[in-house]
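Some notes on the structure that comes next.
Just the heavy atoms: all of them, side chains too, but no hydrogens, waters or symmetry mates, feed the values below. The sequence lines fix the lettering, A, B, ..., with proteins before strands; numbering per chain opens at 1.
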There are 2 protein chains.
Amino acid sequence: MNIGEIAKRSGVARSTVSYALSGKRPVSEETRRRIQAVIDELGYRPNAAAKALKEGRTHTIGLVIPPASRRLTDMQLGFVASVVDAAAHADLDVLLSPSGGEHDRSFERVVGGRRVDGVIVMEIRLEDDRVTRLRQAGLPFVGIGRTSRPEEMSWVDIDYEKLIANCVHHLADLGHRHIALINRSEELVAAGYGPGHRAQAGFTRAMAERRLDGVQTCCADDAQSGVSCVERLLDERPDLTAIATLNEAATPGMYHALAQAGLVVPRDFSIAGVSARHWAENLHPPLTAADVPADELGARAVEMLIRLIADPTTPHGHLLVAPPISLRGTTGPARARDDRS
Amino acid sequence: MNIGEIAKRSGVARSTVSYALSGKRPVSEETRRRIQAVIDELGYRPNAAAKALKEGRTHTIGLVIPPASRRLTDMQLGFVASVVDAAAHADLDVLLSPSGGEHDRSFERVVGGRRVDGVIVMEIRLEDDRVTRLRQAGLPFVGIGRTSRPEEMSWVDIDYEKLIANCVHHLADLGHRHIALINRSEELVAAGYGPGHRAQAGFTRAMAERRLDGVQTCCADDAQSGVSCVERLLDERPDLTAIATLNEAATPGMYHALAQAGLVVPRDFSIAGVSARHWAENLHPPLTAADVPADELGARAVEMLIRLIADPTTPHGHLLVAPPISLRGTTGPARARDDRS
DNA sequence: TTGTACGCGTTATCAG
DNA sequence: CTGATAACGCGTACAA
C-alpha cells in the first residue's frame, strides 16, 4: 500500500494523490473523494522514511538521557515526561538515546544518521563532548543544563548555585551554624556535572557570607547511599544541625538515617533541598525545597528547539530558573544535637 | 555529505563505497582505505531515511507508554529503562509513543507510517484497540501485559492474580481476618486494565478460600490518594488489620495515613504488596512485597520482539512471572485495632 | 492533472 | 574478482 497503488486504484496520477493529501494544489472535490475512499479502504499511510528522505525533515526529535541502566531521578523523569508531552503536542515523535558515556553508538546513530530534526540533551557537563559533536554536526539542539560556556548554546537550566545558596541562607536565618551540603554522586561531580559544581560554588559562597562552618560531601543517587552518607556525617560532625541537598533520590535515606539516630525532623535537625515538587510533597515530612518546575523546563526546551529547527539562525535562547523555597516540614530553628533531652 | 560525494572524492563509483562499507562484496584493500580516509575526513554517515526506505527496516522499535502527563509508576519506569537498555544493546533505537487514550495521533504515526520495525506496548487492557490496530497493521509487537485473549499475541506479564492471592495467604497465615485490597485507579480499572481486574480476581478467590472478610477499593496512583484512601478505609472498617496492594505509587501515602492514625506498621497493621524491588526497599519500613523483576521483563520483551521481527512467523511467546514475596518490614501477626494500649 | 526528476543508499546485472 | 551502471523503494513538487 503505497501512493502508486492508491493512484492506480483511484485512476489518477501519483502526484494527484499527494496533492489531494497535502492540499498544496487544488484538487477537484470529485477526485478527492474518490481518492479518500480508496485510502480509507486500504488504510493507506504515507511512508515516513520516504517522506523524510524527500523533505529532509523527520518530524522527530532526539532526547538524550543518562544511560538507562543508571536510575533516573524523579526530576529527570519529569523532564522526560514533559519533553515527550510537549513534543506530542507539536506532532513530533521522540527518539530516545541513552548516552552518557564517552563513545556512544546510540548517540552517534541518532546524530550522524540524520534521524532527527533536533536534539534535547539532558545532564550536561561543564565540558561536554556531546555538545561539541552536535555543534559539529550542525544539528539544532537545546540543553537541559549548560556547559561552562553557556552563551554558545541554547539551554534551559536550574540555577543550582543560587538555590543552594538560598537553602544555606534559609537555614542560617533559622540559626543553623553547622551545615552539610549533600551533592550528587562522586562520579557525576568528577565528570564535571554542572549542577554538582554550581551547587558547590553556591554553598561555599553562602557559607562564607554567613561565616558558617560547613562540610561538603557527595552521595550516590539512591536511598541506601543517603543512609550511609548521613550516618557518616552525623558521626564525623556532631555539631551538624542541618543539611542542604540537591540529591533528591537520596533524601528518603537521609530521613531514615536521621530517624535511626533518634533525631526528629525538623525539631532536632533540618533539611532544605532542591527537588521536583511532586517528590518533595511525597516525602514525610514533606521536604522544604525549591520546587523545580520540570514540566515547564521541558516544554520550554521543546519550544526553543522547534524554533531553532524552523530557523537555525535563531539566536540562542537561555532560561535560568530559580524557584523560591517552599516551606514545608523539614526546617526549623537550630537546636544543638546534645541539647535534646 | 552523501555517498555520491564520497564516491566522487575517492574516484570510485557509489556502489563501490556502499560495498566497501557493508562488506557484501570484496573491495581491494587499496581503494577501501582511500574511501575510508575520505569518509573519516568528511565525517560521512549514511542517511538513515534512505537506508530505511531501501531496506524496509528502520532499526527502530516503538515503545508505547501511558500518556506522559500521567505520572509513570516506578515499575513502569523500570520497564522503560530496561527496554531502552536492551534495545541499545541490540543497536536498536527506541521511538516513544505516549498513547493511552482512544484515537491517538502519535500512535498512529508510529504504527501507520512504518517508522518502526516492531512495537512494545505497555499498560495493556483486557480489550485493547492498540493491539487490534497493531495486528491489523501486521506489525510485530510484544505486550508488557496481555489482553483477555492472551494466546493471540506475544507478551510478558506479571501474574497479579496469583501475587495478590499470595499476599492474602501470607496475611491470613499471620492471622489477619479483615483485609483490604487497594487497587490501581478507578479509571484504569474501569477501562479494563488487566492487572486491576486480575488482582480483583485473585483477591476474591483467596479471600473466599480462606473464608475471610475483605473489602476492595480503587485508589489513584499518587501518595495523596493513598492517604485519603486509607483514612477512609480505617474509618469505615474498624476491624481492618491489613492491606494488600498493587498500587506502589500510593504506598507512601498509606504509610502516612496509618502513622497519622497512630498505627505502627507492622505491629498494629500489616501491608503486603506487589512492587519494584527498588521501590519496596526505599520505603520505610521497607515493604514486604512480591518483587517484580522489571529489568528482566523489559529485556525479555525486547528479545521476543527481535525474534518476531527477524521472523514474523515465530510462534507467540508468553512469559508470566510470579516472583515470591520478599519478607521485609511491613507484615506481622494480626492484632485487633482496639487491642492496642 | 499528469509526467517526471529528485532525495540517497542498496544491490542486481553487466563489463572489464 | 573488481568496478561501474542502473533500477528500486516512496513521496514530493516542478514543469508541462
Look at all strands and tell whether [X] reaches a base, only sugar-phosphate, or nothing, counting heavy atoms closer than 4.0 Å.
X	result
Lys54(B)	base
Ser18(B)	base
Val12(A)	sugar-phosphate
Ser22(A)	nothing

Distance in angstrom units between Leu21(A) CG and dT12(D) C1', rounded: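 To the nearest whole Å, that distance equals 12 Å.
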
Atom-pair distance (CD1 on Ile35(A); C1' on dG11(D)), nearest Å: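 In whole Å, dG11(D) C1' and Ile35(A) CD1 are 14 Å from each other.
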
Partners passing side chain to side chain contact (heavy atoms under 4.5 Å, CB included) against Leu77(B) (at least two apart in sequence or in another chain):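 Side chain to side chain contact (heavy atoms under 4.5 Å, CB included) check on Leu77(B) returns Leu77(A).
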
Side-chain ion pair, Arg109(A) and Asp91(B), N-O less than 4.0 Å: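 Salt bridge between Arg109(A) and Asp91(B), a charged N being under 4.0 Å from a carboxylate O: yes.
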
Audit row: Arg105(A), Glu108(A), salt bridge (charged side-chain N to carboxylate O under 4.0 Å, His left out) steps and yes/no: CA-CA 5 Å; Arg105(A) 318 163 58 86; Glu108(A) 199 42 51; over 6 Å; no

Under the ring pair (Phe, Tyr, Trp, His ring centres under 6.0 Å) test, residues paired with His318(A) that sit two or more places apart: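 For His318(A), the residues satisfying ring pair (Phe, Tyr, Trp, His ring centres under 6.0 Å) (neighbours in sequence not counted) are Trp155(A).
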
Nearest-nucleotide 5' precedence on DNA chain D, Gly11(B) against Arg114(B):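 Looking at DNA chain D, the more 5' nearest nucleotide goes with Gly11(B).
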
Given DNA chain D, 5'-ward residue of the pair Arg25(A) and Ala48(A), judged by closest heavy atom: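 Nearest nucleotide further toward 5': that of Ala48(A).
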
Considering only side-chain heavy atoms of [X], which listed nucleotide, [options], is closest?
X	options	result
Arg14(B)	dG9(C), dC10(D), dT12(D)	dG9(C)
Ser15(A)	dG11(D), dA13(D), dT13(C)	dA13(D)
Val27(A)	dG11(D), dG9(D), dT1(C)	dT1(C)
Ile3(B)	dT10(C), dG9(D), dG3(D)	dT10(C)
Ala13(B)	dT2(D), dG11(D), dA4(D)	dA4(D)

Taking only side-chain nitrogens and oxygens of [X], does any of them come within less than 4.0 Å of OP1 or OP2 of [N]?
X	N	result
Asn2(A)	dC10(D)	yes
Lys51(A)	dT12(D)	yes
Tyr19(B)	dT5(D)	no

Under 3.5 Å donor-acceptor, Arg14(B) side chain and Ile3(B) backbone: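 No.
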
